[in-house]
Amino acid sequence: MIEKDRSNEYVRAELLDVIEYPDGERAVMLFTSEEWGDEVLPIVIDVTTAFSIRKALEGIPFPRPLTHDLLVNILDKLDVSIEKVTIDGMIRGVYVATIVLRDNRTGQLIYVDSRPSDATALAIRTGAPIYIANHLRKYAEPISYYEKLLEISRRRRI
């Protein structure tokens, strides 16, 4: 079977920020890409995962591992690394992602279905690259929509 080259179907992305909404009940991850200019892909997530991502971004250690830290520790003990994470699509209004693992003993790739928030939390902790399917750009919005939230978020961290 010939495998199709799908490298042009995804764009390398960076997590610009994760911001809690003022209502305190939800947060939004903002992804950016050089190819997208001043647009960001917003993905709404729960505040507990947002907390986990924020702490990883800021490098704040905890006395005991958070769930995502625990998963990274387990993968390390099993000699498995995170090759990359991909945000692949949207199904019935819900984004879906894949965590691509590599078994370092055999070289085998393992694909794990994930929520984008969990995949991102793991990628931030391990330095794994994040890719977003190009067709999701239609959901991108101008970063200017989020300027006020970004400013509030920055002030809270000072």
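Start at 1 with the first residue, then count along the sequence.
Between Arg54 and Ile60, every side-chain heavy-atom pair lies at or beyond the 4.5 Å cut-off. A 4.5 Å side-chain heavy-atom check between Asp38 and Pro142 finds every atom pair outside the cut-off. Counting only heavy atoms from C-beta outward, the side chains of Phe31 and Leu15 approach each other to under 4.5 Å.
Rounded to the nearest 0.5 angstrom, Glu35 CD and Thr32 OG1 are separated by 9.5 Å. In this structure, CD1 in Ile143 is found 10.5 Å from CD in Glu39, a value given to the nearest 0.5 Å. In this structure, the separation between OH on Tyr146 and CG on Leu30 is 6.5 Å, given to the nearest 0.5 Å. For the atom pair CG (Leu41) and CG (Leu16), the distance works out to 12.0 Å, reported to the nearest 0.5 Å.
Distance alone, capped at 3.5 Å, is enough to place a donor-acceptor pair between the Arg102 side chain and the Gly107 backbone. A distance-only check finds a donor-acceptor pair linking the side chain of Asp88 to the backbone of Thr98 [under 3.5 Å]. Judged by distance alone, with hydrogens and angles left aside, the side-chain atoms of Ser33 form a donor-acceptor pair with the main-chain N or O of Arg12 at under 3.5 Å. Asp103 contributes a side-chain N or O that, together with a main-chain N or O of Arg105, makes up a donor-acceptor pair within less than 3.5 Å.
What you find for Ala119 and Val85 is that their closest heavy atoms are O-CG1, 3.6 Å. For Ile43 against Pro116, the heavy-atom pair with the smallest separation is CD1-CB, 4.2 Å. Taking all atoms of both residues into account, the shortest heavy-atom contact from Pro42 to Ala140 is CD-CA, 4.5 Å. When every heavy atom of Lys138 is checked against every heavy atom of His135, the shortest pair comes out as CG-O, 3.4 Å. Taking each heavy atom of Asp113 and Ala97 in turn, the nearest pair found is OD1-O, 3.4 Å.
Atom NZ of Lys55 is surrounded by more than 12 heavy atoms from other residues, nucleotides or ligands within 6.0 Å.
Under a hydrophobic-cluster definition in which Ile, Leu, Val, Met, Phe, Trp and Tyr are linked whenever side-chain heavy atoms come within less than 4.5 Å, directly or via other members, Val28 and Phe51 are assigned to different clusters. Note on Val80 and Ile82: same hydrophobic cluster, where clusters join Ile, Leu, Val, Met, Phe, Trp and Tyr whose side-chain heavy atoms are under 4.5 Å apart, directly or indirectly. Clustering ILVMFWY residues whenever any of their side-chain heavy atoms sit less than 4.5 angstrom apart, transitively, puts Leu57 in a cluster other than the one holding Val47. Note: the hydrophobic cluster containing Val96 does not contain Val44 (ILVMFWY, side chain heavy atoms under 4.5 Å, direct or indirect links).
Among Ile132, Ile87, Asn134, Thr86, the one residue that satisfies the side-chain contact (heavy atoms from CB on, under 4.5 Å) test with Tyr10 is Thr86.
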May I have the list of side-chain donor-acceptor pairs in residues 65-73 shorter than 3.5 Å, sequence neighbours left out?
| from | atom 1 | to | atom 2 | distance (Å) |
| --- | --- | --- | --- | --- |
| His68 | ND1 | Ser52 | OG | 2.8 |
| His68 | NE2 | Asp118 | OD1 | 2.8 |
| Asp69 | OD1 | Arg125 | NE | 2.6 |
| Asp69 | OD2 | Leu66 | N | 3.2 |
| Asn73 | ND2 | Asp69 | O | 3.4 |

Passes side chain to side chain contact (heavy atoms under 4.5 Å, CB included), Ile53 versus Met29? Steps please. CA-CA 9 Å; Ile53 293 169; Met29 297 187 297; 3.8 Å; yes
I'd like to know whether Leu101 forms a side chain to side chain contact (heavy atoms under 4.5 Å, CB included) with Leu75, so could you lay out the CA-CA distance, the side-chain angles of the two residues, the decisive distance to 0.1 Å, and finally the verdict. CA-CA 9 Å; Leu101 304 173; Leu75 292 174; 4.1 Å; yes
Full working for side chain to side chain contact (heavy atoms under 4.5 Å, CB included) between Tyr139 and Tyr95: CA-CA 11 Å; Tyr139 300 111; Tyr95 284 99; 3.3 Å; yes
Using side chain to side chain contact (heavy atoms under 4.5 Å, CB included), reason through Tyr111 and Leu109 one step at a time and then give a plain yes or no. CA-CA 7 Å; Tyr111 298 84; Leu109 292 179; 3.6 Å; yes
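Legend: salt bridge (Lys or Arg N to Asp or Glu O under 4.0 Å) pairs involving residues 25-34, not counting sequence neighbours, sorted by first then second residue: Asp23-Arg26.
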